[in-house]
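Values below: every heavy atom of this structure, side chains too, minus hydrogens, waters and symmetry copies. Because the structure is predicted, anything quoted here is derived from the model rather than measured.
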Amino acid sequence: MKKLLFTVFAAVLFMTSAYSYNPPAGGEDFMQLASPANLSGAKSVTGGALFDAGADSLLVNPALTASEQRVSLNAGYTFFYSSNALNSKQIASSFQTGILIPFKLFIFNGYINGTFVPFDEMNLGSSLNFKAALSKEISDKLSVGLGAGGGFSWGGEASWALYADIGALYKWGDLGILKDFRIAGSLLNLGKMYSNPRLGLDGTYNNTPYPTLVTLKAGAAGTILDTDIAKIGLGLDFTVPCFQNFIVDMNAKVAFKNAFFISIGEKFNMAELIKGRYNLIPSVGFIFKFSFDVKNNQYLEDNGWSQSEMTVAAGYKNLYKTVHAVSAGVDIDLGMADDEPPQISVWDEKE
């Protein structure tokens, strides 16, 4: 009986916190809107339904890039259109750029984001955001990461942010019907977040700081179908912003010949659902990966980059019924991935 009463009390407390919780709509993950992969949930806390890590993976988990072998460059842009005639502006934008550099002891990645969204239904204002992270493989299965970020927000009263992130990834392997099963967790926003007045979920400017201080993310992902032609993966994330809200992210990803990918994502944000500020239409992303050669460039040849891989992507998401987001992005991985294990010889065979 005591356990039941405690459970009911905890549930009531949780719901009360969710009602008093009042960030701007979209404020929890506004930096994830600047690329098609993040827009469609393809890069979650576990690296997505089918694992993919790049320079912008530090947004959700700084440990994801620990096994990367190549220098990677990233750029993304999202165009927003609001059909709400009450807005003073109906067009907005967000961009990102990032770099990933492998070193012998760790992997470094840096990230820059600019978000300029002044809509009433999604009042994020203008901000420039910066992040950097280091990740390392502790073993073949376990990776850890540590990151730091900050930024400056304006449009109305100005504000600044400075915080740290930590994360871990565990590659379980095969688990029943699931292949490449992974579990991961991260603790984000350990510091000062943006606190300038914005139009919050309840329609007032008495909003809580955003993104929320001490945000816990945890998730699992794995492959349910793996053939020579196609792969299908599923991912599930849970986010708890300082125990004031509960967010569920689901991602399904299909790959054809490891060249063409379709990513579908859905997000359930409890506080936004309660306030009637959410549209339950899934996001979608289309991703195409190919290799290319650059000839007659001695610098690229000396670094082993004359043959590299490029990934181009496009995505769409309908936000808050009246806001439409169309996104495009590109990733360039310099060189080709080394999938062959090293050959170790104990002694030389003599003829």
For the [atom1] atom of [X] and the [atom2] atom of [Y], what is their distance to the nearest 0.5 Å?
{"X": "D56", "Y": "M31", "atom1": "CG", "atom2": "CE", "value": "11.5 Å"}
{"X": "M193", "Y": "T212", "atom1": "CE", "atom2": "OG1", "value": "8.5 Å"}
{"X": "L50", "Y": "I224", "atom1": "CG", "atom2": "CD1", "value": "9.5 Å"}
{"X": "D333", "Y": "S308", "atom1": "CG", "atom2": "OG", "value": "8.0 Å"}
{"X": "L33", "Y": "L319", "atom1": "CG", "atom2": "CG", "value": "6.5 Å"}
{"X": "I262", "Y": "S40", "atom1": "CD1", "atom2": "OG", "value": "11.0 Å"}

Judged by atom type as modelled, is there a donor-acceptor pair below 3.5 Å linking the side chain of [X] to the main-chain atoms of [Y]?
{"X": "K171", "Y": "F181", "result": "no"}
{"X": "E272", "Y": "G26", "result": "yes"}
{"X": "R198", "Y": "N196", "result": "no"}

Check the side chains of [Y] and [X] for a donor-acceptor pair under 3.5 angstrom, ignoring hydrogens and angles.
{"X": "S57", "Y": "K43", "answer": "no"}
{"X": "T78", "Y": "S327", "answer": "yes"}
{"X": "T65", "Y": "S135", "answer": "yes"}
{"X": "D180", "Y": "T223", "answer": "no"}
{"X": "D120", "Y": "Y320", "answer": "no"}
{"X": "T239", "Y": "D237", "answer": "no"}
{"X": "N206", "Y": "T204", "answer": "no"}
{"X": "N74", "Y": "T97", "answer": "no"}
{"X": "N22", "Y": "N207", "answer": "no"}
{"X": "Y111", "Y": "Q96", "answer": "yes"}

> Should the heavy atoms of other residues, nucleotides or ligands under 6.0 Å from CH2 of W172 be counted, would the total exceed 12?
Replying inline: no
>> Could you check whether atom CG of D293 has more than 12 heavy atoms from other residues, nucleotides or ligands sitting under 6.0 Å from it?
In response: yes
> What is the minimum heavy-atom distance between L124 and F30, and which atoms define it?
Replying inline: CD1-CB, 3.6 Å
[Y] and [X] aromatic ring geometry - parallel, tilted or perpendicular at 30°/60° bounds:
{"X": "F95", "Y": "F116", "value": "parallel"}
{"X": "F286", "Y": "F260", "value": "parallel"}
{"X": "F103", "Y": "F106", "value": "tilted"}

>> Set out, in order, the CA-CA distance, both residues' side-chain angles and the distance that settles salt bridge (Lys or Arg N to Asp or Glu O under 4.0 Å) for K267 and D29, then state yes or no.
In response: CA-CA 11 Å; K267 181 187 295 287; D29 50 11; 2.8 Å; yes
> Are I101 and L105 co-members of a hydrophobic cluster defined by side-chain heavy atoms under 4.5 Å apart?
Replying inline: yes
> Do F261 and L225 belong to the same hydrophobic cluster, where Ile, Leu, Val, Met, Phe, Trp and Tyr are linked whenever their side-chain heavy atoms lie under 4.5 Å apart, directly or via other members?
Replying inline: no
> Passes salt bridge (Lys or Arg N to Asp or Glu O under 4.0 Å), K321 versus E121? Steps please.
Replying inline: CA-CA 9 Å; K321 299 180 182 179; E121 63 270 48; over 6 Å; no
> Are the ring centres of F288 and F290 closer than 6.0 Å?
Replying inline: yes
> Given K131 and D165, is the salt bridge (Lys or Arg N to Asp or Glu O under 4.0 Å) satisfied, shown in steps?
Replying inline: CA-CA 10 Å; K131 277 179 172 280; D165 302 326; 2.6 Å; yes
